[in-house]
**Q** 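Dropping the structure in here first, questions after.
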Amino acid sequence: MSVNASVLPLDGNARAVIEGLTSQQKWLPPRLFYDRAGSALFERITELPEYYLTATEQAIFEREAADMVRSAGDCPTIVELGAGTAKKTMMVLRAAAEKSSAITFIPIDVSSSALKVARRRVNRELPQAAVHPLVMDYTERFPDLSRFAGPRLALYIGSSIGNFEPMEAAALLRRLRLSLRRGDALLLGTDMRKPASLLIPAYDDAEGVTAQFNLNVLARINREFAAGFELDRFAHRVVWNESESRIEMHLESLRPQRVHIGALDLAVDFAAGERIHTENSYKFTPKMIEALALNAGFRIQQTWRDDRNWFRVTLLRA
Ligand code: AVI
């Protein structure tokens, strides 16, 4: 039996592709980056010499994890939003395991393959920790954490909060706070504002991995929605938006073209030079972190940073 796709209810990604590509200023949501291919490309980005974020945050954790756990207080349950493969988290888990004999780790991510790696890693390196991975999109809903012992320590690291508009970021942290109890803690990683000469290469690396990561969004739409994007007709573009304090990623159409998206019954026209805005990555100042904490109803307790002041990890109290 053949089914007309147009009568089936559309999922969130389908709706976003239609909405984004029929807008005056075309856009696509950054969550579309993270299919299996995109998650693997992101792992490669984190190892690039230009992408200083991961190594810098990792160095802060290596030096300060024990102090962070001490300041957070006794937290037998550790919840991580967007945990991925939980590589950086190990340092916090090890420090927490030294304090409490029984710890529970709840990594949350949309990628089940990344969570499998995370679970194997924790089981191997810290067999005494109980691991409860949750495959879910935390931007849509929050898990019920009440069945896990408190107090809880939430982790939101890697500057993932920077991929949200300031209002959305505050709303997300507010929802997180509501799923925590008074006195629970949050460790928040934020990439700090710095000269464009350092920021641009981090998002436009010499090897072209970030370009592939950006273009993979079109490849994914081809795969999942029977679209006809020809990847060599689009180019990866990176802009430092000084007034908004953010790096922007775009895909620029290199010629006038029409692209059909079969499963959505949609034809999209592009002018030469027209761009699809695919990501914002906000770069923070201490004031921006304070405003975010305040708007989300958290109190800042302590901050750790690297020697160059490129990245910060802030302990917030619900
Ligand atoms: C996941 N997130 C914090 C990354 C960032 O730096 O904004 C995503 C990314 N985009 C391009 N490179 C990395």
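For ligands, and for the atoms within them, numbers begin at 1 and follow the listed sequence.
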**Q** Can you tell me if Arg299 has over 12 outside heavy atoms packed within less than 6.0 Å of its CZ?
**A** yes
**Q** Would Asn216 and Asp35 count as a side chain to side chain contact (heavy atoms under 4.5 Å, CB included) here? Give the steps.
**A** CA-CA 9 Å; Asn216 177 58; Asp35 64 352; 3.0 Å; yes
**Q** Tyr34 to ligand 1: N or O pair under 3.5 Å?
**A** no
**Q** Quick test of your reading of the model: are Glu248 and Arg237 salt-bridged, counting only N-O distances below 4.0 Å?
**A** no
**Q** Name the closest protein heavy atom to atom 7 (O) of ligand 1, giving the residue it belongs to and the distance to 0.1 Å.
**A** Ser281 OG, 2.7 Å
**Q** Which bit of Phe33 is near ligand 1, meaning a heavy atom under 4.0 Å away: side chain, backbone, both or neither?
**A** neither
**Q** Any idea which heavy atoms bring Leu115 and Leu134 closest together, and the distance?
**A** CD1-O, 3.4 Å
**Q** What about Phe311 and Tyr52, are their ring centers closer than 6.0 Å?
**A** no
**Q** Using a strict cut-off of less than 4.0 Å between a Lys/Arg side-chain nitrogen and an Asp/Glu carboxylate oxygen, indicate whether Arg233 and Glu230 qualify as a salt bridge.
**A** yes
**Q** Quick one: nearest non-hydrogen protein atom to atom 2 (N) of ligand 1, plus distance?
**A** Asn163 OD1, 2.9 Å
**Q** Considering only heavy atoms of Ser159, which atoms of ligand 1 have at least one such atom less than 4.0 Å away?
**A** 3 (C)
**Q** Does an N or O anywhere in Thr210 fall below 3.5 Å from an N or O of ligand 1?
**A** no
**Q** Taking only heavy atoms of Gly158 into account, list the atoms of ligand 1 that are under 4.0 Å away from them.
**A** 3 (C)
**Q** Within the 4.0 Å heavy-atom shell around Phe213, which atoms of ligand 1 are there?
**A** 10 (N), 11 (C)
**Q** Need the ligand 1 atom indices (1-based, order shown) with element for anything under 4.0 Å from a heavy-atom of Tyr51.
**A** 4 (C), 5 (C), 6 (O), 12 (N), 13 (C)
**Q** Quick check: closest heavy atoms across Phe142 and Ser179, and the distance to 0.1 Å?
**A** CD2-OG, 3.9 Å
**Q** Measure the distance from atom 10 (N) of ligand 1 to every protein heavy atom, then report the residue, atom name and distance (to 0.1 Å) of the closest one.
**A** Glu279 OE1, 2.7 Å
